[in-house]
Amino acid sequence: MTNPPERLLWIDNTEVDSSTRQRFSTVNPATGETLARVAEAEAADVDRAVRSARAAQPGWAALSGVERGRLLARAATAVRGHRDELARLECLDGGKPIAETPEADVDSAADCLEYFAGQAASLQGEYQEVAGGFFYTRPEPLGVCGGIGAWNYPLQIAAWKAAPALAAGNTMVFKPAELTPLSGLRLAEIFAEAGLPAGVFNVIQGAAETGQALTGHPDVDKISLTGEVGTGKAVMRAAADSLKAVTMELGGKSPLIVFDDASLEDAVSGALLGNFYTQGEICTNGTRVYVHEHIMDAFIERVIDRTRQLRVGDPADPATDVGALISPAHRDRVLDFIARGEAEGAERLIGGEPVSVPGCDGGTFISPAVFRVADDRCVIAREEIFGPVMSILPFADEADVIARANNSPYGLAGGVFTADLQRAHRVAAALKAGVVWINHYNLTPIEMPFGGVGQSGIGRENSRRALDHYTQLKSVFVASGGVDAPY
Ligand code: NDP
């Protein structure tokens with residue numbers, strides 16, 4: 001048996017070892033096989049990466065927006081050039097179906113780089129005449145930004161954070177999740193290949209302690225985190241010590257409301273996409289599916305029928321619909337939710353069983369589960385499971401279902417399926433959510449602001465709005481006359 005390859009840190013456009021030479025393993029969740037031994041960054045390594053980013057930042061910010069944009073556009077092209085390789089890496093490291101990763105991971109990352117390449121030259125201030133002169137504003141970069149990623153969309157998250165930060169003239173130190181360290185590092189290498197200067201994008205590897213060293217570093221100006229609510233709170237507390245700016249993309253338990261005039265097939269498609277894509281490991285998933293009682297039986301019949309046809313299998317097989325959960329611990333957590341849901345009276349209609357996949361011994365597969373839930377207080381209808389578990393709940397009245405949909409500390413997303421135009425917009429306006437889909441679910445075009453309200457987050461990613469979260473305004477007052485001092 002050959003030893004797994006070693007992957008290190010990325011500082012100053014060079015792959016470098018950590019000071020302690022400590023390693024951790026990253027494994028393929030579909031097989032348990034070790035993919036690589038990865039260098040673990042200590043506080044000293046984080047400091048080294050931050051110093052590199054700090055040293056590079058003035059030069060990077062001094063480039064014109066057009067020049068920064070040109071380099072980001074080259075990076076987008078390079079990412080597309082490595083599409084197959086990156087898609088395979090996300091599949092291996094994350095257990096995600098290869099049927100998804102080229103588009104959902106690689107294209108999404110490239111689209112984001114391309115979009116912000118175009119936006120880099122568009123940063124503008126304001127001008128206004130006022131008593132005694134005029135002022136103008138300068139959108140200036142924050143400086144060094146720390147990015148901390150979750151394991152479900154590692155490449156996409158790295159790009160969604162890096163592209164707007166870099167477009168605005170910041171530099172970045174990025175920490176991928178310990179469970180999926182490979183694509184962030186590969187992205188850094190591709191950035192260098194595309195001509196990004198040394199220090200502009202550094203990657204440190206490790207678990208929570210490495211993230212804490214980054215969050216607590218006095219010379220980091222901003223932290224952008226994608227992770228759980230609890231992690232968000234810890235990171236915000238740590239960031240408060242040095243009053244860092246924060247963007248928080250956190251968890252959710254989003255409602256998807258299906259009225260009785262909706263296209264049944266579209267609504268079922270939306271519910272399946274919003275629960276089972278990426279094995280259900282998606283923050284915005286519409287895991288509370290509220291279905292009007294008039295169409296409940298027909299909806300459930302179609303959901304069960306189409307869920308039965310989903311193929312749980314080797315993520316590397318293009319025919320696979322549902323891959324492996326990220327780790328044995330996470331698989332057990334999802335199964336535990338399923339057991340607790342049943343114990344609390346939820347009716348399991350299909351799925352929710354461990355699945356053994358030929359050729360993938362040691363894989364963490366479970367069949368997509370659908371529950372009929374009578375009580376909104378049931379654990380599986382309240383808590384984020386982050387696995388393929390759909391809860392279907394009946395409703396009869398619009399005002400009542402909106403109140404129930406909003407009865408959650410989360411506020412990431414929501415969906416409504418209806419043929420009634422006015423109702424669609426009325427419900428979209430009433431939902432406590434950062435993103436609402438009307439007659440679709442989980443589409444995240446890069447042009448559309450993305451983020452949550454309530455405990456689901458602070459700030460927005462994607463769209464021009466993201467630039468507001470990676471810049472600070474300086475107001476410059478210019479006097480038009482002499483100084484009339486009373487002293
Ligand atoms: P975690 O919150 O466990 O981890 C997120 C990242 O934070 C990881 O890199 C983790 O390190 C790091 N981290 C953990 N503790 C700390 C700390 N105290 N200080 C600094 N960094 C820390 O989330 P998961 O990776 O388990 O991802 C799943 C969660 O992410 C779900 O709740 C999901 O909803 C949410 N999510 C939100 C999205 C959004 O855009 N709103 C999108 C995708 C996911 P490590 O894991 O390496 O130990």
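As the structure lists them, so they are numbered: ligands from 1, and atoms in each ligand from 1. Everything numeric in this text was worked out from a predicted model, so none of it was measured.
- Residue contacts with ligand 1: Ala208 is placed with a nitrogen or oxygen under 3.5 Å of a nitrogen or oxygen of the ligand (distance criterion only).
- Taking a 4.0 Å cut-off on heavy atoms, Gly451 fails to register as neighbouring ligand 1.
- In this structure, Thr284 has no heavy atom closer than 4.0 Å to ligand 1.
- At a heavy-atom distance under 4.0 Å, only side-chain atoms of Val235, from C-beta outward, approach ligand 1.
- Atom 42 (C) of ligand 1 has as its closest protein heavy atom Cys283 SG, 2.8 Å.
- For ligand 1, the atoms lying closer than 4.0 Å to a non-hydrogen atom of Gly251 are 32 (O), 34 (O).
- Tested against Glu6, the residues Arg21, Arg37, Arg23 include a single side chain to side chain donor-acceptor pair (under 3.5 Å) partner, Arg23.
- The proximity of Glu384 to ligand 1, defined as any non-hydrogen pair under 4.0 Å, is limited to the side chain.
- Glu100 and Thr278 form a side-chain donor-acceptor contact under 3.5 Å, judged by distance and modelled atom types alone.
- When the heavy-atom distances from atom 41 (N) of ligand 1 to Thr210, Val229, Leu225, Leu250 are ranked, the shortest goes to Leu250.
- Comparing Lys175, Glu178, His330 against atom 10 (C) of ligand 1, the shortest heavy-atom distance belongs to Lys175.
- Using a 3.5 Å distance cut-off with no hydrogens or angles, the side chains of Ser19 and Glu42 do not pair a donor with an acceptor.
- Atom 16 (C) of ligand 1 has as its closest protein heavy atom Thr231 CG2, 3.6 Å.
- A donor-acceptor contact closer than 3.5 angstrom links the side chains of Thr226 and Lys161.
- Only the side chain of Leu412 comes within 4.0 Å of ligand 1, judged by heavy-atom distances.
- For Ser456 (side chain) and Gly411 (main-chain N/O), a donor-acceptor pair under 3.5 Å exists by modelled atom type.
- For the residue pair Asn202 and Asp12, no side-chain donor N or O sits within less than 3.5 Å of a side-chain acceptor on the partner.
- When the options Arg237, Glu228, Gln156, Gln212 are ranked by their closest heavy atom to atom 17 (C) of ligand 1, first place goes to Gln212.
- Judged by distance alone, the side chains of Trp160 and Ser108 do bring a donor and an acceptor atom under 3.5 Å apart.
- Ile148 CG2, 3.6 Å is the protein heavy atom nearest to atom 12 (C) of ligand 1.
- With respect to Arg88 and Glu85, no salt bridge is recorded, no charged nitrogen being found less than 4.0 Å from a carboxylate O.
- Looking only at protein heavy atoms, the nearest one to atom 28 (C) of ligand 1 is Phe386 CE2, 3.6 Å.
- Listed by number with element, the atoms of ligand 1 under 4.0 Å from a non-hydrogen atom of Glu249 are 37 (C), 38 (C), 39 (C), 40 (O), 41 (N).
- Counting the atoms of ligand 1 from 1 in the order shown, those under 4.0 Å from a heavy atom of Phe450 are 40 (O).
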- Message: For Tyr290 and Phe395: C-alpha separation, side-chain torsions, deciding distance, then whether ring-ring contact (aromatic ring centres under 6.0 Å, His included) applies.
- Response: CA-CA 6 Å; Tyr290 292 99; Phe395 77 92; 7.1 Å; no

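- Between the side chains of Arg464 and Ser122, at least one donor N or O sits under 3.5 Å from an acceptor N or O.
- Using modelled atom types, one side-chain atom of Asn13 and one backbone atom of Leu196 make a donor-acceptor pair closer than 3.5 Å.
- By the 4.0 Å heavy-atom criterion, Tyr153 is excluded from the residues contacting ligand 1.
- Among all non-hydrogen protein atoms, the one lying nearest atom 24 (P) of ligand 1 is Trp151 NE1, 3.3 Å.
- Among Gly227, Gly149, Ala150, the residue whose heavy atom lies nearest to atom 8 (C) of ligand 1 is Gly149.
- When only modelled atom types and interatomic distance are considered, Thr180 and Asp93 share no side-chain donor-acceptor pair under 3.5 Å.
- Of the candidates Ala213, Gly206, Gly216, Gly211, it is Gly211 that places a heavy atom closest to atom 20 (C) of ligand 1.
- With a heavy-atom cut-off of 4.0 Å, Asn152 touches ligand 1 through its side chain alone.
- Aromatic ring orientation, Trp151 versus Phe386: perpendicular (interplanar angle above 60°, classes split at 30° and 60°).
- Below 3.5 Å of separation, one finds no N or O of Thr226 facing any N or O of ligand 1.
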